[in-house]
Every structure is written in structure tokens, then in C-alpha cells.
Amino acid sequence: MKKILFTGILFTSILGYSQTTKDSINTKSLEEVIVTSNKISKNKKILPIQVESISKKQIEFQNFQSTAEMLSNSGSLFVQKSQQGGGSPAIRGFEASRVLLLVDGFRMNNLIFRTGHLQNVITIDENMLENVDIFYGPTSTLFGSDALGGTVNMTTKKTVFSDASNKTIWGQINTRYGSINKEKSVSFDFNYATKNFASLTIFSYNDFGDLKMGKRKNPHGNYFGERPFYVATISGVDQLVANDDKYVQKFSGYTQYNALQKLSYKTESGYLHGLNLQFSTTSNIPRYDRLTDPSSSTGLRNAVWYYGPQQRILTAYTLEKQKAFLGSDLTLALAFQNMKESRHNRRFSNYNLQHREENVNLYSFSTDLSKKFTKGELFYGFESYFETLQSTAYAQNSNTGEQNGIDSRYPNGDNHMFRNDLYVSYTEKTTSKTAWSAGGRLGYTTLNSNIADDIYFPLPFSKIKQGNFTYSGSLGIVHNTSQNVALKANISSGFRVPNIDDFGKIFESGGGFLIVPNEDLSPEKTITGDLGFVIQSNNKRFKLEHTYFYTRMYDAIVTDTFTYQGQNTIDYNGETSIVLANQNKGKAYITGISTLIKGYLIENLQFNATFNYTYGRIVEEQERPLDHISPYFGKLGLQYEKRKWQAEAYVLYNGKKNSKDYFPNGEDNEQYAPEGGMPAWETYNLKASYTILKNATLYAGVENILDTQYRVFASGINAPGRNIYGGLKYTF
């Protein structure tokens, strides 16, 4: 009772102080975020759902090595890593194929997005981003399948037209060096514009060496994850070699290349034509966690395990016109995407290197329309996606060069999915105090998968064919009880249609487990209720936003024990493995809270804090843990900005994940955690920038100042130790 009373007095004091001083002190205020999506109102204040945005200014100042690092350090969502070249965002206990990734509004999720952990987010270079919007909770009504936990919408930089008839050229160069992995990064932006034509070109290069972990003992746990030895092949023979520095995570480095080209043309009649070309590729990326798997006979289980170059191509044409159809603003988009990924591995002293390669093509067409009324705005449209997959595999002897056929990761015949959806949503501000939103989506998805040859791994079926009718809806309200307080409530449903990865994957998950195909799967579905409030001072110098959510999940697809041809174990790659398969395991629930606090302590000094807690359980005869549920996490920080200076000191923190809360045999990767579960941790960080010239800004900082040794929950690689970095941005 005393705590509640104290909190009330504190808020009253803050709000009262703001009222009495807003005219006497010229202060900065917290800017209201503008959401960047053509399917929802851009005004965050009238949205009943939880949305957080990361602006271009924040991205540039934070100056992280990759988009995965930028997201994980935001304090707004959780990111898992199996290797340095990765990063799998998790929102509200959902991860990978249950979180929708968008780039410029186009789906990155495809028919082989897995329920485990993904590294696709790194193919969007943070230097190319204009901003990032994080939508929390099921947003299938807005964006379609897979948006169960939420959606991450990454918007790349836009072309800029000249405001005069003369030609204009401008751009910028960004450079950065980081000590923890000898990072060397550079990006180059070039914009050419006239009154009606604009071109934006961006190139970037990143070179990351082996990642060094912290040396200082985590006060919440013991030393963990050190790399005392590794496998080297000397004169054609695998040998264990002592690591010169056990804190260097040997074979974790990689390089990446990114390019973006945008062209925009405005006609005199008001049409805007756009061409968006994106390309990203990497070197081979070592799968670090698998390279550390122990073996009682050889010391380490694998001699080689790496992902081949992660390649992403996007080609998109857009057409925009205001008042083009029945008074509605129109956006048409036609796109092609190609994604290539591969896995390459061999066991210690087994010189047959296995290669499994996937080639995905994704064709899409969408029509988005919006129409404004006196009090509201209507959004509606149509989306169509057609995806194909070619999956191949072979083994090659490292010493002799001899090749042999092996089982492919996915069915080796014709594989394709076809999605078609209609959606509509409406937002209305009925009074000065109240706004409401409602929406719905209907669709139909087909999946066809054929096994052309199952000689290497015989299955009881040769093809998978499904058709699923999908639907979702949402209803929400925002009510301002006063000038300082707003209440929010929202109920929404979500869905995820099983893809080829769910149905037809053959995958060795590590620790003596093998995942086999299962043709009997149905879509996952969720219903989520959100309740929240926002407290904000009159002069907008203080803001508290709090959200509670409860999600009920139906027909949840869970990886669990299974039988193959009546057996619960199988010999695979020369070892006896326990059989697992993806299965609809009935019902589950996830609940939690999210809190955000921002406020100015003095004129140019802002305090910010986030706290996120999630709890999830599968509901059967007795409750048991659901996987992908992160421990509590958040961020505490102070930001200072004045004239040429900007600085931030902040703490990132995670709670402990106890072993009893791990999902057995799932994607929580308990085998990569110390006994008892993953310890809690926190890091202390300091960043600054200074504008030395009108067009030149220096960036510098120290991350993980105390050089703490720790590992993020469900990850298979230790986090970076103390990293001292510096960079320069020059604009011309």
C-alpha cells in the first residue's frame, strides 16, 4: 500500500511540476513517433496496439555492428544468436517463423523459415535503414501469416527529390572500427536528384574477425563458454589444437557485402514510380555452437560446420497515386525476391563433407489503398505471394574429391506455396478523447511438396498437399481519461500457416536428436488481449507506457518426441538419435508485461528505461514450459544532447533462465547453457558523438565496459567482451 501511495505521489509531483514550469522553462519534449506503414494510421497516439520505433537518428548514433545488434540493444525485443553472423528476434515469446520480418513492406518470411532460430535479419544492413517499427502481438490482420508474436518492419532510406529545377548531388560516408572482433566497416550513400527524378545508391562492406568474449567472471554465474581447443585439419587429418587465447571464439568471423539502388520518378499527373533493388551476400558463416559440441571419444563432435553465403536479392516496382481509386490513395507493388542458403558439415575424422543447398524464389503482388474521412481513415487491399523451393544435397570427400548423394534437408522435388489475402481496417477518432480501430483479413494458402527420390531416407509418403483457409480480426480502443492519461485495450487474432520447413524437414538438431517430416499439421492460431495505459506530462517531458498481454495459442506446432516406422530412435550419420517431429500439441498460453519510461531530468538530459517479462506454458494433462520464452530483460539509460554533443550511458540486463523453465528437446538449447540454466547478466555501456565540422561527425564508445563474460539465453556463442569502437560520418 505504501508503494502504491508513493508511486501516486511521484506521478502527481511530476505532472504537477510539468504544469507549473512549462511556461517558465524552455525545454525539449519527447517527440511522438510516426509509424511507417501504409496499412495503419501513422499517428501512434490513436493506435490501440503496442508499437515501438527506432529512428534513423538513433540508428546512426547507436552505431552497432549489425541490425541484429541494433535490435538486441534497443531493450524492446529479445535476440538469440547461434553464431556471430546471426540474430533471431523474439517478441512476446515468439521467434523465427512466428515473427514476421518486413523490408520496405515486403515479406522476408518464406516457405523455409523455421521455428528454431534464424539469421536472416543480418541481410538488412543497418546503415541502409531509415527507421524500424516493432509491432507487438498478433498483427496478422495487418500483415498476414506468421505475425503471431509481432512484426518487425524495416524501412530503408528513401530517395529525395530536389526542391529546385537544378540538379543536386549529395551523400555520406560512414566508417567504423571495433576492437572486440577487429571489425572494419564502411558504407557509402549517394543521392542524385532533380525536381522529378531521384536516385539513391548505397554500398556497404563489413569485415568481422573472430569474436572475443569477456574475461571477467559474471557475478551471477561461473566462467562459462571458453574455447580451450578447436579442430584443425593438418595434412588431411583432423586434430585437436590448443587455442592460443581461450577467450577468442575461434571460427566465428565472417564478411558481408550489401548494395541498394532506388530510382523514383514523379509525373506531372501525380504518379510516383519507384524501383527498389537490394542485394546482400556474405562469406561462409561458421555455425559456432555446433563447432563446440563435445564428444567423449574425439573431444569435439564436428570438424566443419558452416553456413554458405547468405544471399538475398530484392527487385521491386511500386506505383503510387493520391485519389486514384474511389477517392483512395493507391500503392501498387510488384516484387521478386531470391534467397539462397546452404549448410555444410562433417564429423571429426569423417572426411565426407556434406553440402545441403536451398534456393528460394518469391514473387509477390499487392494493392494497398487508404481513404480519409472526416473522423476516420480506411485501409484495404489485396496481397498475393507465390514461393518456390529447390533443395539439393551431396557429400564430397575432402581428401579424394569423390562425390556421393545424400538426403536433402527438404523434399527434393517440386515445392511451392501460394498465398492470397484480402484485408480491411478502419480507424476513427469519434471524439477528442476516444478513438477506435477494427480490421479483418481473409485468405487461402496452398502448399505442394513432392519427394522425387527418397532412396537416402525412405518416408511413408511421397507428397504433401494442403489447402488452408485463413482469417484474423482485431478490435481496439484508445480513451483519454484526461490530458495526462490514456487507456488502451485491444483484442486480436493471429495465424501461421505451416510451411515446407514445418512439414518436410530432416534435421539433426544436436545433442543426439533427429527431426523427421510429419505430414499431419494444421495452422497455428492465437487470440491476444492487450490492456495498457500511457501517462504523459502536459509539456511532454515525461512518459510512462505500460502494457499487459495474454495470448492463447491453439494447435501450437511444437517439436516433440515422435516415432518413425514404429521406432523412437534411428541411426543417422553413424549415430543413434532420438526421433523428434513437429506436431500440433493442443493449447498453450503466453502472458507478460512491457513497460517503457522516458523523461527529462534536466534541460538536455533524458532518462529512459524498459522492462519486459514473459511467461509461457503448454496446456496438456499438466502444464509444461513453452520454448522461446526469454527471461525478463530491459534497458536503463541516460541520454545527453546539446549542440554538437550527444552522449548515452546505459545498462542492458537479462534475468536468469532456470533449467526447470526450459522446454525439453526444443529450441531453448539447454545443452549450450551451464548447469542450472542461463545466469542473469548486465552490461554497462557508454557512447558519444561530436560534430567536429559542419559535415563531419565522430562516433566513439565502449560496450560491455566491465568485460563481463556472459551468454544470452538460448544462444550458442558467448556475447562480446569489452568493445572499444570509433567511427566517422562525413556528409557531402
Side-chain angles (χ1 to χ4, degrees), residues 62-66 68-70 72-75 78-84 86-87 176-183 208-230 242-253 288-289 291-292 294 609-610 630-638 647-659 669-688 700-726:
Q62 291 292 335
N63 217 261
F64 287 109
Q65 293 188 350
S66 70
E69 294 293 330
M70 179 264 292
S72 65
N73 282 265
S74 68
F78 187 87
V79 177
Q80 180 274 353
K81 279 197 170 188
S82 296
Q83 63 277 336
Q84 183 180 194
R176 173 184 157 115
Y177 176 82
S179 65
I180 199 62
N181 52 3
K182 298 180 181 178
E183 173 215 0
F208 305 111
D210 288 337
L211 183 65
K212 196 169 186 177
M213 69 183 75
K215 294 182 179 180
R216 178 178 174 270
K217 179 178 174 294
N218 181 354
H220 304 289
N222 295 320
Y223 287 101
F224 173 72
E226 295 168 357
R227 181 86 149 133
F229 49 83
Y230 59 90
N243 193 357
D244 293 337
D245 187 343
K246 65 181 180 180
Y247 301 110
V248 174
Q249 299 178 97
K250 193 75 173 178
F251 304 128
S252 59
Y288 182 80
D289 56 356
L291 294 175
T292 63
T610 63
S630 65
Y632 69 81
F633 68 94
K635 180 179 180 179
L636 300 170
L638 290 172
E648 181 180 18
Y650 65 93
V651 179
L652 290 175
Y653 64 89
N654 267 222
K656 180 179 180 179
K657 181 76 172 186
N658 291 304
S659 292
N669 290 333
E670 189 174 359
Q671 70 271 28
Y672 297 124
E675 185 177 354
M678 197 67 76
W681 57 266
E682 64 271 341
T683 63
Y684 300 86
N685 311 270
L686 179 64
K687 302 192 168 196
V702 186
E703 298 164 335
N704 192 2
I705 294 173
L706 299 182
D707 200 29
T708 301
Q709 185 183 99
Y710 71 99
R711 181 173 290 189
V712 175
F713 160 67
S715 295
I717 185 170
N718 276 17
R722 183 187 298 116
N723 182 38
I724 301 172
Y725 75 87

Note to self: Pair Glu69, Gln62 - check side-chain hydrogen bond (donor to acceptor under 3.5 Å, both in side chains), show working.
What the structure shows: CA-CA 10 Å; Glu69 294 293 330; Gln62 291 292 335; over 6 Å; no
Check: Should the ring pair Phe251 and Tyr230 be called parallel, tilted or perpendicular, given that the plane angle runs from 0 to 90° and is split at 30 and 60?
Finding: perpendicular
Please check: side-chain N/O of [X] versus main-chain N/O of [Y], any donor-acceptor pairing under 3.5 Å?
{"X": "Asn218", "Y": "Trp681", "answer": "no"}
{"X": "Asp210", "Y": "Gly253", "answer": "yes"}
{"X": "Ser252", "Y": "Tyr288", "answer": "no"}
{"X": "Gln80", "Y": "Ala714", "answer": "yes"}
{"X": "Ser630", "Y": "Phe78", "answer": "no"}
{"X": "Asn723", "Y": "Ser179", "answer": "yes"}
{"X": "Asp707", "Y": "Arg722", "answer": "yes"}
{"X": "Ser82", "Y": "Asp289", "answer": "no"}

Of all heavy-atom pairs between [X] and [Y], which one has the smallest distance, and what is that distance?
{"X": "Gly86", "Y": "Ala68", "value": "O-CB, 3.5 Å"}
{"X": "Ser659", "Y": "Gly677", "value": "OG-N, 3.0 Å"}
{"X": "Pro679", "Y": "Pro674", "value": "CD-CG, 3.7 Å"}
{"X": "Pro631", "Y": "Lys656", "value": "CB-O, 3.7 Å"}
{"X": "Asn704", "Y": "Pro720", "value": "ND2-O, 2.9 Å"}

Under a 4.5 Å cut-off applied to non-hydrogen side-chain atoms, are [X] and [Y] in contact?
{"X": "Val651", "Y": "Tyr684", "answer": "yes"}
{"X": "Tyr247", "Y": "Gln709", "answer": "yes"}
{"X": "Glu183", "Y": "Tyr177", "answer": "no"}
{"X": "Lys81", "Y": "Ser715", "answer": "yes"}
{"X": "Thr683", "Y": "Leu706", "answer": "no"}
{"X": "Val79", "Y": "Val712", "answer": "no"}

Between [atom1] of [X] and [atom2] of [Y], what distance do you get to the nearest 0.5 Å?
{"X": "Glu670", "Y": "Lys657", "atom1": "CD", "atom2": "NZ", "answer": "10.0 Å"}
{"X": "Asn654", "Y": "Met678", "atom1": "CG", "atom2": "CE", "answer": "10.0 Å"}
{"X": "Asn73", "Y": "Leu652", "atom1": "CG", "atom2": "CG", "answer": "5.0 Å"}

Margin query: How about NZ on Lys217, more than 12 heavy atoms from neighbouring residues, nucleotides or ligands closer than 6.0 Å, or not?
Written below: yes
Notebook entry, point to check: Do the numbers put Lys687 on top of the ring of Tyr650, so that NZ or CZ is under 6.0 Å from the six-membered ring centre and no more than 45° off the axis?
Noted result: no
Check: Excluding sequence neighbours, so at least two apart, what forms side-chain hydrogen bond (donor to acceptor under 3.5 Å, both in side chains) with Asn718?
Finding: Arg711
Notebook entry, point to check: For the salt bridge (Lys or Arg N to Asp or Glu O under 4.0 Å) test, which of Lys212, Arg227, Lys250 pairs with Asp245?
Noted result: Lys212
Next item on the list: Please test Gln65 against Asn181 for side-chain hydrogen bond (donor to acceptor under 3.5 Å, both in side chains), starting from the C-alpha separation and ending with a verdict.
Entry: CA-CA 10 Å; Gln65 293 188 350; Asn181 52 3; 3.0 Å; yes
